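Residue numbering restarts at 1 for every chain, and letters A, B, ... go by the order of the sequence lines. Here the structure is a predicted model, which means the values were calculated and not measured.
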2 protein chains.
Amino acid sequence: MQRPIQKRTLKTRARLISAAEDVIQKSGYEALRVEEVVQAAGVAKGTFFAHFRDKDALMEILLAEKLNACLDQAEAEKPPKSVPQIIAALEPVHSFMTVERYVFDLLIRYSGATAIAEIGPIAYFFERYFRVVMMWLEDANIRQDVPSELLAEGVQAFAIQTMSLKFCALHASTSFSDRLKVYLEAWLTPAR
Amino acid sequence: MQRPIQKRTLKTRARLISAAEDVIQKSGYEALRVEEVVQAAGVAKGTFFAHFRDKDALMEILLAEKLNACLDQAEAEKPPKSVPQIIAALEPVHSFMTVERYVFDLLIRYSGATAIAEIGPIAYFFERYFRVVMMWLEDANIRQDVPSELLAEGVQAFAIQTMSLKFCALHASTSFSDRLKVYLEAWLTPAR
DNA sequence: TCCTAAAATTGACCATGGTCACTTTGTAAG
DNA sequence: CTTACAAAGTGACCATGGTCAATTTTAGGA
């Protein structure tokens, strides 16, 4: 027989998340230490792992929340129709995804669901990103020879490629938006 | 004053690498433990880190060697001209890149040079992959409206996207090659 | 109010990657 | 052959994520 979740649980969880946000605010995502979070929240280490499978699980929650907030914002605006408009609409998302190399790596690692029954917050976010872009593309003035589902997957692939190159010293000359624009124009409006 | 490297150094390094290969052979990349390698090689732990910056640095060396061998093979064959041929030529590379989730994550993490002066073996491999594909594309029967450099970057982006989806339970229905074929045909031979 | 079982929490302990002050070994110069 | 010094190697120790048996807290029913 399953008992209801105690109020105390929610409070502890909230304290842990809040403490983690404070730590990140102060010194960034990569510098977060479980020990520090736990001390700031005033609980034992074991409690942390009773609430989150592992450190990454907490990170997933924190990152996905921020990313979803960016997408909320993008969805609230008028749907973009052109490549530059799409890039502009996604700018906050891409910007946050690349605040830290550590964050980007984490996002990539958890971008796919590892099992059907276990879609993590980040995998869920990527699905949403895909759906939002696909909807935009359906009403945009772009190529019509392939389904917009495919085009949206491509946008995601090029966005990740561009973000990846942002961290690469060999390709630091071109700016992020310029590079993505070149990719997406070639992908969405090919001259043949 | 710089003295020449001692023979002993090379021997120790070779023993470490060989021991690591044995361990991997036996139980895979993710299961590799520095302690185990060091014991098998008969040296102290500190010696390991005198030869490799960290565990990942050894992994980079081991992975890059395998990947370069795959590319050697691909380059030895007659250059592929069509999308299916290109996919077939790259199959061994892509196959090895996705033997383990752990391996794929590592490759992505080190795919870019972190600093101009520090191009790691894996970043170097990705450069080479790009150059090889670009050369193939220059003589292939594909779109000519954008430079083949851009097309090659796109192939890389789609290959990574496809590999990424291979690990994702949500997209497990389509086979790897089929999915990549759809992407590359839309990218390289758009109907507009 | 008291009892009890499930839920929540605890913290000592473990696993593993990585560091560094110290020791040993190789070798070039005298 | 010695000597001196740099290179190579050592292993105790540290940092940090994660585990689990034991303990405390909660709340529903007698």
Is the closest side-chain heavy-atom distance between A/I61 and A/R13 below 4.5 Å? yes
Rounding to a whole Å, what distance do you find between A/I5:CD1 and D/dA27:P? 13 Å
Please confirm whether the shortest side-chain N or O distance from A/T9 to OP1 or OP2 of C/dA7 is below 4.0 Å. no
Ranking C/dT9, D/dG17, D/dT10 by distance to the side chain of B/A44, first place goes to D/dT10
Ring centroid separation for A/W187 and B/Y183, is it under 6.0 angstrom? no
Under 4.0 Å between a side-chain nitrogen and a carboxylate oxygen: does that hold for A/R109 and A/E60? no
Is a donor on one side and an acceptor on the other found under 3.5 Å between the side chain of A/S175 and the backbone of A/D178? yes
Rounded distance (Å) that lies between atom P of D/dG28 and atom CD of A/Q6: 9 Å
Please report the distance, rounded to the nearest Å, between NZ in B/K7 and P in D/dA7. 18 Å
For atom CD of A/E36 and atom P of D/dG17, their distance in whole Å: 10 Å
Distances under 3.5 Å only, N/O to N/O: pair up the protein atoms with those of nucleotides 20-24 of chain C.
none

Partner residues of B/Y129 under the ring-ring contact (aromatic ring centres under 6.0 Å, His included) criterion, sequence neighbours left out: B/H94
Separation of atom CZ in A/F52 from atom C1' in D/dT16, rounded to whole Å: 18 Å
Measure the distance from CZ on B/F48 to P on C/dT16 and round it to the nearest whole Å. 14 Å
Can you confirm whether B/M97 sits close enough to B/V103 that some side-chain heavy atom of one is under 4.5 Å from a side-chain heavy atom of the other? no
Ignoring backbone atoms, test whether A/T12 places a side-chain nitrogen or oxygen under 4.0 Å from the OP1 or OP2 oxygen of C/dT9. yes
Atom NE2 of A/H51 to atom C1' of D/dG17: distance rounded to whole Å? 18 Å
In terms of the nearest nucleotide of DNA chain C, which residue is placed more toward the 5' end: B/D56 or A/A50? A/A50
Assess the side chains of B/Q25 and B/E21: does a donor N or O sit below 3.5 Å from an acceptor N or O? no
Are the side chains of B/L58 and B/H51 in contact, using a 4.5 Å heavy-atom criterion? no
Within residues 18-33 of chain A, which residues have any heavy atom lying less than 4.0 Å from an atom of DNA chain C? none
Give the rounded distance in Å between these two atoms: CD of B/E35 and P of D/dC13. 15 Å
For the pair B/R131 and B/E149, find out whether any cationic side-chain nitrogen is under 4.0 Å from an anionic carboxylate oxygen. no
